[in-house]
Every structure is written in C-alpha cells, then in structure tokens.
Amino acid sequence: FTLTAVAGVLAWNAAPQGPARRWLLAAFAVNGMLNIAWSGLFFRLRRPDWALVEVAALWLSVALLMLAVGRHSGVGAALLVPYLLWVGLAGMLNWSIVRLNRPF
C-alpha cells in the first residue's frame, strides 16, 4: 500500500490540474473499492468462487492504474508492478482454493 500511495503522489504532482487529476482519482477509487470487495467476498462472505471473478477485475484495474499513473510518472507506474504481481499471485491461490473446494 505504501508503494501505491507513493505512485499516486508522484502521478498527482506530475499531472496537470483538471481532468487528468480527476482521472487519477477515479482510477485509484475504483481500484480501492475492488481491493476491499475482494477481501469481503473471500473472507467475510466465504465465497472464493465469487472472489475469483472479482480478482480478475482487480488485476485489470491495477493494470489500468499502471497506465493512468504511467502517463504522468514512469517511476510511479513501476512502483505498482509489485501490486500487480501480488494480485496475480492472489488470483492463482484463489483459483486453487476454488478448484480444490467446489462446489460452493
């Protein structure tokens, strides 16, 4: 989360006032909601099958976040690579749990 916050600050400071900054805020907001939603689906509702679908959306949102940040800060986009890898690993683990424990 620290690297994501630093990436956001770097992109925010480099982005011009106006639509570019609103786009960044929207990208970070959507990503944050998807991040929270995955935890809720997986742990709170105990629905790894639903979380598996959601983790795909989360991974895509991180990739899009990297593109949005990368328009303004290459370093910021690079700082998001570990997040993308982590969500990919979480997705693989999520898939294994679904495969080994179905049906839900």
Side-chain angles (χ1 to χ4, degrees):
F1 290 121
T2 301
L3 293 177
T4 303
V6 171
V9 169
L10 290 172
W12 180 268
N13 288 336
Q17 298 268 345
R21 285 189 173 180
R22 285 193 293 277
W23 226 178
L24 283 171
L25 281 178
F28 274 94
V30 168
N31 179 264
M33 286 187 286
L34 288 170
N35 192 310
I36 292 167
W38 182 85
S39 296
L41 290 170
F42 191 88
F43 294 110
R44 184 101 165 128
L45 297 179
R46 296 184 179 155
R47 290 302 306 246
D49 53 338
W50 295 351
L52 182 61
V53 173
E54 200 278 345
V55 80
L58 176 58
W59 190 92
L60 183 60
S61 81
V62 177
L64 294 174
L65 188 61
M66 289 176 70
L67 290 174
V69 168
R71 289 179 173 213
H72 308 290
S73 172
V75 172
L79 290 175
L80 292 171
V81 170
Y83 183 26
L84 186 70
L85 295 173
W86 178 252
V87 172
L89 176 64
M92 289 188 292
L93 292 172
N94 195 154
W95 166 248
S96 295
I97 289 167
V98 168
R99 189 172 43 84
L100 294 170
N101 294 288
R102 56 177 104 161
F104 292 96

Ignoring hydrogens, what is the shortest heavy-atom contact between [X] and [Y]? Give both atom names and the distance.
| X | Y | result |
| --- | --- | --- |
| Ala11 | His72 | O-CB, 3.8 Å |
| Ala57 | Leu34 | O-CD1, 3.7 Å |
| Ala27 | Leu65 | CB-CD1, 3.7 Å |
| Val69 | Ala77 | CG1-N, 3.4 Å |

Atom pair [atom1]/[atom2] of [X] and [Y] - distance to nearest 0.5 Å:
| X | Y | atom1 | atom2 | result |
| --- | --- | --- | --- | --- |
| Arg99 | Trp95 | CZ | CH2 | 7.0 Å |
| Tyr83 | Asn31 | OH | CG | 3.5 Å |
| Asp49 | Leu52 | CG | CG | 8.0 Å |
| Asn35 | Phe28 | CG | CZ | 12.0 Å |
| Leu84 | Ser61 | CG | OG | 9.5 Å |
| Leu3 | Leu80 | CG | CG | 8.0 Å |

Same hydrophobic cluster for [X] and [Y], using side-chain heavy-atom links shorter than 4.5 Å among ILVMFWY?
| X | Y | answer |
| --- | --- | --- |
| Ile36 | Leu25 | no |
| Met92 | Trp86 | yes |
| Leu79 | Leu58 | no |
| Val62 | Leu85 | yes |
| Val30 | Leu41 | no |

### Message
Taking atom CZ as the centre, does Arg46 end up with more than 12 heavy-atom neighbours from other residues, nucleotides or ligands that are less than 6.0 angstrom away?
### Response
no
### Query
Just wondering, are more than 12 heavy atoms of other shown residues or ligands nearer than 6.0 Å to CZ in Arg47?
yes
### Summary
Phe42 meets the ring-ring contact (aromatic ring centres under 6.0 Å, His included) criterion, sequence neighbours left out, with Trp38
### Task
For the pair Arg21 (side chain) and Trp12 (backbone), establish whether a donor and an acceptor sit closer than 3.5 Å, ignoring hydrogens and angles.
yes
### Query
Short question: side chain of Asn94, backbone of Pro48 - any donor-acceptor pair under 3.5 Å?
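Looks like yes, one N/O pair under 3.5 Å.
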### Task
Please report the C-alpha distance between Met66 and Val81 in whole Å, then the side-chain angles of each, then the deciding distance to 0.1 Å, and finally whether the side chain to side chain contact (heavy atoms under 4.5 Å, CB included) criterion is met.
CA-CA 8 Å; Met66 289 176 70; Val81 170; 3.6 Å; yes
